[in-house]
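Quick notes on the structure that follows.
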2 protein chains.
Amino acid sequence: MTLGVKEHVADNSRMDILGAAARCFMERGYAATSIDDVARSLGATKGRIYHHFPSKADLFAAVFRAGMDMNYAAVRPYCDLPGPAVKRWRMMAMAHVLQMIDTKAFQRAVWIGVEMHLRGATTPQQRSVLNELIEYRSNYSNQFREVLLAGRDEGVFCFDDLSITNQLMFMTLNSPIFWYTPRVGETRADIEIIARQIVDYAEGGLRGTQGQST
Amino acid sequence: MTLGVKEHVADNSRMDILGAAARCFMERGYAATSIDDVARSLGATKGRIYHHFPSKADLFAAVFRAGMDMNYAAVRPYCDLPGPAVKRWRMMAMAHVLQMIDTKAFQRAVWIGVEMHLRGATTPQQRSVLNELIEYRSNYSNQFREVLLAGRDEGVFCFDDLSITNQLMFMTLNSPIFWYTPRVGETRADIEIIARQIVDYAEGGLRGTQGQST
DNA sequence: TTGACAACATACCCGGTAGTATGTTCATCA
DNA sequence: TGATGAACATACTACCGGGTATGTTGTCAA
């Protein structure tokens, strides 16, 4: 049941394309990115891309899916942990933020996909593909909704509308995909300091301003 | 020194174009929006657009500038008010959020412009135009930076890096441009309830989690 | 009244891009 | 060893969209 050498080579090539496509989509957006751009950034031509992906929309969908797969993998270890909700939330949030930083290009593509879905995708069958991915992302989001509700039940989090709060929280946790850029000589510890500030801010927002000492 | 009727008509036509362009840019993004799209949404043709704006990039820049002008107008009344920083911040933040909701299309265009600047605009002289607008926006942002620092000096706000915190705060306050959509039968009070939740979340993030009772 | 100009519409050009059709090369396997 | 197919490259088409060049119409001022 193991894969042969050839399959590994093909899979690696596919992955390389996904990475290059993610960078291109991040740098220029979906519409402004041409298949030739992606190919050029690989030192290849369109033929290579269209050999692995039937269309530009499918390539983009694959990038989207790969990004979400990474997110699931990063957060899943923490979302079934026992103990207080806040602690579990912090683990999940930290993993999520670090994931945003580490796989920024893919996460930007996910963002672009969500935006495209919100304003209504172009063709009909592309819409169904995108809808499936959006639902995939929605399930991911639900993992956080659960822990948010648990935190409110425990009296730690304080918010009114769950949907709005979830939006605000993800907006915060996702934000580094827009403004983070790696600095020269930056260590893992530096990145974790940044991530901690983001998580702290989000936690403050979720706890609200009631019961504040100052 | 007053304008004649003709000038008023011309100005109104220009404004109509700006509004339609803002909606198009919001719905399809910059690259995917064609001049014909904007014209069609006005029941007109390209000629009308190019009569008022020399290029697509200039049209976009005008939308950007108009959006920022609205923001300045909305927030300026509050940013020189005396009293505690938190109170001043809340007034400014509330005005900003309501502005995001009320002029969503223009604010989305501003966002798109910032994104374009971050990844490096296309042509050389467009880049200078965009740079000027980005600086315009940066000045706007500085009004909030000042009140953030004042709030920290007063011991109310608690954060480490000012730039990161400012990013997180704006990410929160701007977020309705992405997920807010007017509901049928929605009153002004309903909108203010939403805005209040956003401002509350942001305030919680700025105050941090230290000194929390729970 | 007329001519001059603003405010558009129409018609056209041309570069770029998604997608296709057709080579070409190289490894693998019978 | 030779044939087969994967993994590309090359060449081409059709179309769309920014920009321009050129009408057309209504208005106002002298």
Side-chain angles (χ1 to χ4, degrees), chain A residues 2-21 24-25 27-63 112 116 121-127 129-130, chain B residues 2-21 24-25 27-63 112 116 121-127 129-130:
Chain A
T2 66
L3 295 172
V5 174
K6 216 169 182 180
E7 281 74 10
H8 275 304
V9 171
D11 255 24
N12 284 339
S13 179
R14 223 184 102 101
M15 289 298 184
D16 289 344
I17 295 175
L18 285 180
C24 287
F25 287 137
E27 290 168 4
R28 306 169 225 219
Y30 178 78
T33 296
S34 72
I35 301 287
D36 288 301
D37 284 335
V38 180
R40 230 191 325 272
S41 76
L42 286 165
T45 65
K46 292 161 80 153
R48 182 169 169 194
I49 313 288
Y50 279 103
H51 179 72
H52 291 275
F53 303 93
S55 74
K56 181 181 173 180
D58 285 282
L59 171 61
F60 178 78
V63 174
I112 291 171
M116 287 174 61
T122 45
T123 72
Q125 95 279 13
Q126 301 304 356
R127 188 153 175 87
V129 174
L130 200 56
Chain B
T2 66
L3 296 173
V5 175
K6 219 170 181 178
E7 280 76 7
H8 273 305
V9 171
D11 255 25
N12 283 339
S13 179
R14 222 185 102 100
M15 289 298 184
D16 288 344
I17 295 175
L18 285 180
C24 287
F25 287 137
E27 290 169 3
R28 306 168 222 218
Y30 178 78
T33 296
S34 73
I35 301 288
D36 289 300
D37 285 335
V38 179
R40 229 190 328 271
S41 76
L42 287 165
T45 64
K46 292 160 79 157
R48 180 168 169 195
I49 313 287
Y50 278 104
H51 180 71
H52 291 276
F53 302 93
S55 75
K56 182 182 174 180
D58 285 283
L59 171 61
F60 177 78
V63 173
I112 292 171
M116 286 174 60
T122 45
T123 74
Q125 96 276 14
Q126 301 305 357
R127 188 152 175 89
V129 173
L130 200 56

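Proteins come first, then strands; the chains are lettered A, B, ... in the order of their sequence lines, and each starts at number 1.
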Give a yes/no answer on whether the side chain of A:S13 brings an N or O atom under 4.0 Å of OP1 or OP2 in D:dA7.
-> no

d(NZ, A:K56; C1', C:dA18) in whole Å = 8 Å

Go through C:dA18, C:dG19, D:dG18 for me and flag the one nearest to the A:I35 side chain.
-> C:dA18

Those residues at least two apart in sequence (or on a different chain) that pass side chain to side chain contact (heavy atoms under 4.5 Å, CB included) with A:T45 are none

Let me know the distance between CD1 of B:I17 and P of C:dA7, rounded to the nearest Å.
-> 10 Å

With side chains defined as the heavy atoms from C-beta onward, is the minimum distance between A:K56 and A:L59 less than 4.5 Å?
-> no

Distance-only criterion, 3.5 Å: show the donor-acceptor pairs between side-chain atoms of residues 46-53 of chain B and protein atoms not counting sequence neighbours.
unit_1	atom_1	unit_2	atom_2	d
B:R48	NE	B:S13	OG	3.3
B:R48	NH2	B:S13	OG	3.2

With sequence neighbours left out, write down each residue that passes side-chain hydrogen bond (donor to acceptor under 3.5 Å, both in side chains) with B:S41, or none if nothing qualifies.
-> none

For atom CG of A:L59 and atom P of C:dT17, their distance in whole Å | 15 Å

Using a heavy-atom distance cut-off of less than 4.0 Å, which residues of residues 37-53 of chain A contact DNA chain C?
-> A:K46, A:Y50

With sequence neighbours excluded, give me every ring pair (Phe, Tyr, Trp, His ring centres under 6.0 Å) pair touching residues 28-48 of chain B.
-> B:F25-B:Y30, B:Y30-B:F60

Considering residues at least two apart in sequence or located in another chain, which fulfil the side-chain hydrogen bond (donor to acceptor under 3.5 Å, both in side chains) criterion with A:D16?
-> none

Rounded off to whole Å, could you give me the CZ-to-C1' distance for the A:R28 and C:dG16 pair?
-> 14 Å

